[in-house]
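To start, the structure under review is shown below, and the notes come after it.
Every heavy atom of this structure was used, including side-chain atoms; hydrogens, water molecules and symmetry mates were not. Being a predicted model, the structure only gives us computed values, none of them experimental.
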Amino acid sequence: EGGCTVVIDAVDNMENGFTGQDTTTGWTTCSITGIDLIGPAGIISYSKESPVSMGELIIYLNITGSYTGSPLIAIDIPGTEDVAETDMTESGTLWYYTYNVNKADNITYFDGMATVSISGVKDKFRNGLIISGETFDIDSTNPVISIELDKTSPVSTGSLEITAYFSELL
């Protein structure tokens with residue numbers, strides 16, 4: 001014979017909650033349509049390829065699907081100077097935020113992975129934004145170069161082999 005129990009949790013625009021339940025018997029299957037549990041999608045992209053060095057980095061957000069609210073961006077960067085939630089700027093169908101990448105001083109700013117988070121955007125069913133592309137690497141440290149010679153100074157005639165070592169790929 002079978003049956004079906006339907007439980008609905010809902011929140012209105014004023015944050016008032018409601019829970020309702022109904023149990024029916026005699027059904028062999030239970031089908032519910034029209035419930036949206038997936039939020040709009042947001043794709044984050046950057047004005048520079050990762051890893052990024054010192055200077056201006058524009059972070060873009062493209063939101064697909066209908067939504068309400070304006071996105072707030074926060075950036076967790078290596079070190080002690082995170083970017084707290086702040087408004088993004090709208091430009092047509094894109095949103096953007098300009099972040100200034102600082103040189104690593106190993107006190108306040110460090111090189112490493114930064115994580116971008118977005119809040120403030122929901123669809124009409126109050127589902128939050130689902131984002132991708134939320135990390136970028138910071139590399140603001142100059143490479144270290146060392147040079148090795150196969151002969152000691154002074155060199156008068158003949159060949160001289162010079163080998164250079166770099167602390168990172170160039």
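Grouping the Ile, Leu, Val, Met, Phe, Trp and Tyr side chains by contacts below 4.5 angstrom, directly or via other members, places Ile58 with Leu94. In this structure, Leu129 is not a member of the same hydrophobic cluster as Tyr60, with clusters built from ILVMFWY side-chain heavy atoms closer than 4.5 Å. Hydrophobic clustering (side-chain heavy atoms under 4.5 Å, transitive across Ile, Leu, Val, Met, Phe, Trp, Tyr) keeps Tyr96 apart from Ile131. Put simply, Tyr165 and Ile162 are part of two different groups of oily side chains (I, L, V, M, F, W, Y) that touch within less than 4.5 Å, one to the next.
In this structure, Tyr109 and Pro78 have side chains that are not in contact, with every pair of non-hydrogen atoms separated by 4.5 Å or more. You'll find the side chain of Thr86 reaches within 4.5 Å of the side chain of Ile73, heavy atoms only. Between Thr68 and Asp123 there is no side-chain heavy-atom pair separated by less than 4.5 Å. Proximity of Pro40 to Thr64: side-chain heavy atoms (C-beta onward) are nowhere separated by under 4.5 Å. Looking at heavy atoms from C-beta onward, Leu61 lies out of side-chain contact with Ile59 at the 4.5 angstrom threshold. Side-chain contact check for Phe110 versus Ile138: every heavy-atom pair is 4.5 Å or farther apart. With a 4.5 Å cut-off on side-chain heavy atoms, Ile75 and Thr115 do not count as touching. When side chains are defined from C-beta on, Thr89 does not count as touching Tyr97, because their heavy atoms never get closer than 4.5 Å.
Under a 3.5 Å cut-off, the side chain of Asp139 and the backbone N or O of Ser53 do not form any donor-acceptor pair. For the pair Asp137 (side chain) and Ala114 (backbone), a donor-acceptor distance under 3.5 Å is absent. Within the 3.5 Å criterion, the main-chain N or O of Glu161 finds a donor-acceptor partner in the side chain of Asp150. Lys48 places no side-chain N or O within 3.5 Å of a backbone atom of Leu57 that could act as its donor or acceptor partner. Panel note: side chain Thr108, backbone Thr80; no donor-acceptor pair is recorded below 3.5 Å. Of the possible polar contacts, one joining the Asp105 side chain to the Ile107 backbone as a donor-acceptor pair under 3.5 Å is found.
The minimum heavy-atom distance between Lys103 and Ser140, with the atom names listed, is NZ-O, 3.1 Å. Across Ala104 and Thr141, no two heavy atoms sit closer than the pair CB-OG1, 4.1 Å.
Note that CG of Asp82 and CG of Asp76 are 4.5 Å apart. Values are rounded to the nearest 0.5 Å. Atom-to-atom distance recorded for Met54:CE and Asn102:CG is 9.0 Å, nearest 0.5 angstrom. Separation of atoms CD (Glu90) and CD1 (Ile63) is listed at 9.0 Å; rounding is to 0.5 Å. Going from atom OG1 of Thr135 over to atom CE of Met113 covers 4.5 Å, rounded to the nearest 0.5 Å.
Applying the ring pair (Phe, Tyr, Trp, His ring centres under 6.0 Å) test to Tyr46 and every residue at least two apart in sequence or in another chain returns Phe136. Partners of Tyr67 according to the side chain to side chain donor-acceptor pair (under 3.5 Å) rule, which considers only residues two or more places apart in sequence or in another chain, are Trp95.
Defined by atom type and a distance below 3.5 Å, a donor-acceptor pair is present between the side-chain atoms of Glu85 and Ser119.
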> Taking it one step at a time, do Ile77 and Val83 satisfy side chain to side chain contact (heavy atoms under 4.5 Å, CB included)?
Replying inline: CA-CA 8 Å; Ile77 60 170; Val83 175; 5.5 Å; no
